[in-house]
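Reading through the structure tokens given below for one structure.
If you read the sequence from its start, that first residue is 1, and numbering goes on from there. Every number for a ligand or one of its atoms is a count from 1 in the order of the listing. Side chains included, hydrogens not; waters and symmetry mates left out as well; all remaining heavy atoms used. Keep in mind it's a predicted model, so treat the numbers as computed, not measured.
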Amino acid sequence: MIKRIDHIGVAVKDLNKAISLYRDVLGFELLEIEEVESQGVRVAKFDINGVHIEFLEPTSQDSPIYKYIEKKGEGLHHIAYFTDDIDGELDRLKENGIQLINQQPVEGSSNTRIAFIHPKSSIVLTELVSKGE
Ligand code: ZN
């Protein structure tokens, strides 16, 4: 079952520039900066009353975020929803003919398991998140 919005992902070319604006000017709390190798990104995580805003900077030209910025420019990349049963959700989506990017969960940041639903099926690129083992 989907429980809540976990985070909103925003694609940026320059993470430090995003941090200067959101932390130093807008006063958001910067929780951490983390590199997620499986996704080819460096992530700056901010907390706004339980919802995280994640700014994603590509670490290589193979990164999906690099390709996204090349194609569409910087901006809203995905919305992530927290579920306590990511395997069950993926099964349910498959049964309903929903196109998935990840057929199985992959490792996300901060000990999570994640999977993306294809934007062709979900309008906005959608990520499911659950706690890692
Ligand atoms: Zn995400």
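Taking the N/O/S atoms of His7 in turn, the shortest distance to the Zn ion (ligand 1) belongs to NE2.
Under the 3.5 Å distance criterion, with hydrogens and angles disregarded, no donor-acceptor pair is assigned to the side chains of Glu54 and His77.
Contact annotation: His77 places no N, O or S atom under 2.8 Å from the Zn ion (ligand 1). In summary, Glu127 places an N/O/S atom under 2.8 Å from the Zn ion (ligand 1), meeting the contact criterion.
Residue Val106 is not grouped with residue Val43 when hydrophobic side chains (ILVMFWY) are merged at heavy-atom distances under 4.5 angstrom, including chains of intermediate members.
With sequence neighbours excluded, the residues satisfying side chain to side chain donor-acceptor pair (under 3.5 Å) with Glu89 are Arg92.
Of all heavy-atom pairs between Ser122 and Ile117, the closest is OG-O, 3.6 Å.
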